[in-house]
Protein chains: 2
Amino acid sequence: MSPSSRLTVAIHILTLLAHEASGEPVTSEYIAGSVGTNPVVIRRLLAMLRKSKLVRSQGGPGGGWQLVVPARGITLRDVYRAVESEALFPLHASTPNPRCPVGRTIQAALAGRYGEARLALERDLERTTIADLLQEVTRLAR
Amino acid sequence: MSPSSRLTVAIHILTLLAHEASGEPVTSEYIAGSVGTNPVVIRRLLAMLRKSKLVRSQGGPGGGWQLVVPARGITLRDVYRAVESEALFPLHASTPNPRCPVGRTIQAALAGRYGEARLALERDLERTTIADLLQEVTRLAR
DNA sequence: CAACTCGTAACAGAATAAGTTGCGGTTAGC
DNA sequence: GCTAACCGCAACTTATTCTGTTACGAGTTG
């Protein structure tokens with residue numbers, strides 16, 4: 001799996017928004033300063049999070065980003081679904097041989113197993129909320 | 001996660017070896033014919049599976065590959081560990097800002113959660129063996 | 001010794017991710 | 001209305017990874 005760090009950065013963003021939840025919107029440039037990257041990278045991820053109705057944006061001076069859902073109501077599974085659309089385990093790059101009994105059927109057999117594995121992963125991610133992480137982060141930063 | 005199809009192909013290989021378990025070694029070229037790829041790709045994966053003591057190879061005419069462990073004793077977790085060494089969810093590409101309370105601690109907070117998520121995934125993969133898949137494949141191919 | 005098979009390095013091409021620049025659109029406040 | 005501060009988004013570059021391919025040496029069988 002050549003996963004990406006999208007999930008990590010998205011969680012970072014949401015935790016930061018929960019941390020700075022003073023009512024004031026937070027700019028993508030400020031978030032980028034905490035993450036250590038370019039504001040456009042942050043805005044790309046925020047756009048995905050907005051599509052899942054987790055955050056909202058506002059333009060103009062004093063604008064920026066805010067949580068729509070309270071941190072206690074956002075699980076890591078929500079974030080995972082918002083930013084990782086691809087399959088957990090991709091099937092073959094090239095089609096297996098349809099004249100081989102194994103090649104002809106292995107993908108169908110694997111699809112079900114992979115689906116269960118993804119569910120198991122998501123069930124675990126569901127156990128943690130952004131509020132949990134914020135609490136852990138403030139404990140560690142003390 | 002930019003995962004790869006390594007797990008899928010490795011499972012395919014092992015299922016095929018279990019299917020052709022007539023005592024005769026199976027060549028990487030034959031396996032490649034079932035998977036639909038190049039023999040070198042197959043040998044690369046087989047080398048990883050051998051490192052985990054799941055298969056053995058033999059050179060020369062009549063040579064090829066065989067299972068070392070019976071199909072009932074190989075779980076998808078074993079295969080996963082053999083071929084997917086990287087982290088399930090990578091951390092930040094660039095280091096977060098150490099002067100930010102969130103940036104300074106988020107990676108430590110996430111490491112534990114990611115570890116649990118990986119365990120949950122592996123526990124699920126452990127439920128299925130190559131023998132299970134072979135049975136499913138022969139049922140589908142009927 | 002001849003055919004066969006693995007072992008592995010080296011390279012090419014494609015896909016993906018991360019980072020960057022640029023610019024248009026919108027908003028707040030003077 | 002003008003200006004400054006933001007977002008929105010397309011386009012491009014660069015780095016990395018994955019897949020596929022060629023090539024060739026080493027070992028084995030008969």
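First the proteins, then the strands, lettered A, B, ... as listed; each starts at 1.
A donor-acceptor contact under 3.5 Å is not formed by the side chain of Arg44(B) with the base of dG7(C).
In this structure the side chain of Asn97(B) never reaches within 4.5 angstrom of the side chain of Val35(A), judged on heavy atoms. When side chains are defined from C-beta on, Val79(A) counts as touching Leu7(A), because their heavy atoms get closer than 4.5 Å.
The backbone N or O of Ala120(A) sits nowhere less than 3.5 Å from a side-chain atom of Asp124(B) that would complete a donor-acceptor pair.
Side-chain atoms of Arg43(A) and Ser28(A) form a donor-acceptor pair, as typed in the model, at a separation below 3.5 Å. Ser52(B) and Arg81(B) are not linked by any side-chain donor-acceptor pair at a separation below 3.5 angstrom, with hydrogens and angles left out of the test. The closest side-chain donor-acceptor pair between Thr75(B) and Tyr80(B), if any, does not fall under 3.5 angstrom.
Contact check, Arg43(A) against dC9(D): no side-chain N or O comes under 4.0 Å of OP1 or OP2. Taking only side-chain nitrogens and oxygens, Ser94(B) comes nearer than 4.0 Å to OP1 or OP2 of dG19(C). The shortest distance between the side-chain N/O atoms of Thr27(B) and the OP1/OP2 oxygens of dC6(C) is not below 4.0 Å.
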Inset, instruction - Spell out protein contact along nucleotides 24-30 of chain C as letters: B when the base is contacted, S when just the sugar-phosphate is, - when no protein heavy atom is under 4.0 Å; keep the 5' to 3' order. - result: --BBB--
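Sorted by residue number, the members of residues 46-57 of chain B with any non-hydrogen atom under 4.0 Å from DNA chain C read Arg50(B), Ser57(B).
Summary for the helix from dC1(C)-dG30(D) to dC30(C)-dG1(D): the axes at its two ends, each from 5 pairs, differ by 20° when rounded to the nearest 10 degrees.
For the pair Glu116(A) and Arg113(A), the salt-bridge criterion is not met [side-chain N within less than 4.0 Å of a carboxylate O].
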